[in-house]
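Read the structure below first, then the notes.
Hydrogens, waters and symmetry mates play no part in the numbers below; they use all other heavy atoms, side chains included. Quick note on labels: first sequence line is chain A, next is B, and so on, each numbered from 1.
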2 protein chains.
Amino acid sequence: MSLIFSRQCEYALQAMLYISAQEPGKFTNINEISERLDIPMPFLGKTLQLLVQDRILSSLKGPRGGFKLAKDPSEIALFHVVDAIDGTDFLTSCVLGFPECSTKTPCPMHQEWGGLRDRVFQMLANKTIADISKEITDSKQLRTKLKLG
Amino acid sequence: MSLIFSRQCEYALQAMLYISAQEPGKFTNINEISERLDIPMPFLGKTLQLLVQDRILSSLKGPRGGFKLAKDPSEIALFHVVDAIDGTDFLTSCVLGFPECSTKTPCPMHQEWGGLRDRVFQMLANKTIADISKEITDSKQLRTKLKLG
DNA sequence: CATATATCAGACATTTCTATCTGAATATTA
DNA sequence: TAATATTCAGATAGAAATGTCTGATATATG
């Protein structure tokens, strides 16, 4: 199977979008998120804990507890979320799996893949949670997809 | 971990490049390929069998046996190899993992990711084994990387 | 203060991917 | 024809990713 993000990373991104679409500052619990987005609850819990450790989310235990954004959504790029879960190996590792692959000793796809990888990085680095949150607000389709009101 | 191709697909692509750089029509055995490219031999065997089943390689048992390209290298796009090993789900599946994601019901990254995915596909579909084979012939660096003479 | 509700931490289970093993089938060569 | 070298097929093993369970800890609320 070829893919870009691990399943755990997909869950993290989905949950971030869901949380970002809530009333700012409100804590959202994983029970609600896992039901709405159909993500296994304990696994989602572990996943969001990673985001808390990376200061992307903050959490509160107990009744009315849950998760909220730890900073302004305009300061959270998608790349931060991907980095917290999957890391950044994809930026440097060889697309063909050659252990030594660099500008000096490139693999046959090095050049072309480098260009595509840069575009992916630019997109992840430039797109913030605030950007997407606005898109969601403006689009009924997106609210439906995220099972929002 | 985020990646594009499975490890098995990386092995397949590496082996295809190695085979394509050999004298045309000559059978190359997996013992040689696995040693040169540092790929586990039994796993490489299973992998190349998939390419034989897809008519990308042809094989011969017995002494002097091995694998060779099943057709002209200009007719084998990288995409065919990827398709044989990893399949084509990445062309249609949602980058955020939403089960239903299409132009009509897009996820927040649908548009931007679509463009990048198309570029990846174009690259894989346009680039043939012959193209890369030529690059390898013309570059001492690449011959070194593939452990060729 | 007691109770209920949440995250959190660590162990455990399951599934998927990667890797190995064994022997059968087939072709070359002497 | 015998010996050898190779792919091929199927079973098994190991590793990594995903998913589950149990209980501890913290917080809100009556």
**OP:** Whole angstrom is fine here: how far is it from CZ in B:F67 over to P in D:dT6?
**Re:** 12 Å
Original post:
Can you tell which of C:dA6, D:dG19, D:dT7 lies closest to the side chain of A:N29?
Top reply: C:dA6
Original post:
Regarding A:Q8 and A:T47, is there a side-chain donor-to-acceptor distance under 3.5 Å anywhere?
Top reply: yes
Subject >> Protein-nucleotide distance (A:Q49, atom CD; C:dG10, atom P), rounded to Å >> reply: 10 Å
Original post:
Between D:dC8, C:dA19, C:dA9, which one does the side chain of A:Q53 approach most closely?
Top reply: C:dA9
Original post:
Does the separation of the ring centres of A:F27 and A:F67 fall below 6.0 angstrom?
Top reply: no
Original post:
What integer distance in Å separates A:D54:CG from C:dC8:P?
Top reply: 13 Å
Subject >> Upstream residue (5' side of DNA chain D) when A:G62 and A:C9 are each assigned their closest nucleotide >> reply: A:C9
Subject >> Nearest to side-chain heavy atoms of B:K61, which nucleotide of D:dG19, C:dT26, D:dA28 >> reply: C:dT26
Original post:
Going by atom types alone, do B:T88 and B:D83 pair a side-chain donor with an acceptor below 3.5 Å?
Top reply: no
Original post:
Which residue, A:K46 or A:R64, contacts DNA chain D at a nucleotide closer to its 5' end, judged by nearest heavy atom?
Top reply: A:K46
Original post:
Rounded to whole angstroms, how far apart are CG on B:L60 and P on C:dA25?
Top reply: 18 Å
Original post:
Please give, in whole Å, the distance from C:dT16 C1' to A:R7 CZ?
Top reply: 10 Å
**OP:** For A:F27, report the nucleic acid contact type (base, sugar-phosphate, nothing); a contact means any heavy atom under 4.0 Å.
**Re:** nothing
Subject >> B:P63 side-chain proximity, nearest of D:dA11, C:dA4, D:dT4 >> reply: D:dT4
Subject >> Interatomic distance where CD belongs to A:Q8 and C1' belongs to C:dT15 [whole Å] >> reply: 15 Å
Original post:
Between B:S133 and B:S20, is there a donor-acceptor pair closer than 3.5 Å when you use the side chain of the first and the backbone of the second?
Top reply: yes
**OP:** Answer yes or no: does a side-chain N or O of A:S59 lie under 4.0 Å from OP1 or OP2 of C:dA6?
**Re:** no
Subject >> Phosphate OP1/OP2 of C:dT18: any B:Y11 side-chain N/O under 4.0 Å >> reply: no
**OP:** Pick base, sugar-phosphate or nothing for B:L48, based on heavy-atom distances below 4.0 Å to the nucleic acid.
**Re:** nothing
Original post:
Separation of A:F5 atom CZ from D:dA17 atom P, in whole Å?
Top reply: 17 Å
**OP:** Starting at atom CG of B:D38, determine the distance to atom P of C:dA19, rounded to an integer number of angstrom.
**Re:** 10 Å
Original post:
Taking the side chain from A:D86 and the backbone from A:V82, do they hold a donor-acceptor pair closer than 3.5 Å?
Top reply: no
Original post:
At under 4.0 Å between heavy atoms, what does A:P42 touch on the DNA or RNA strands: base, sugar-phosphate, or nothing?
Top reply: base
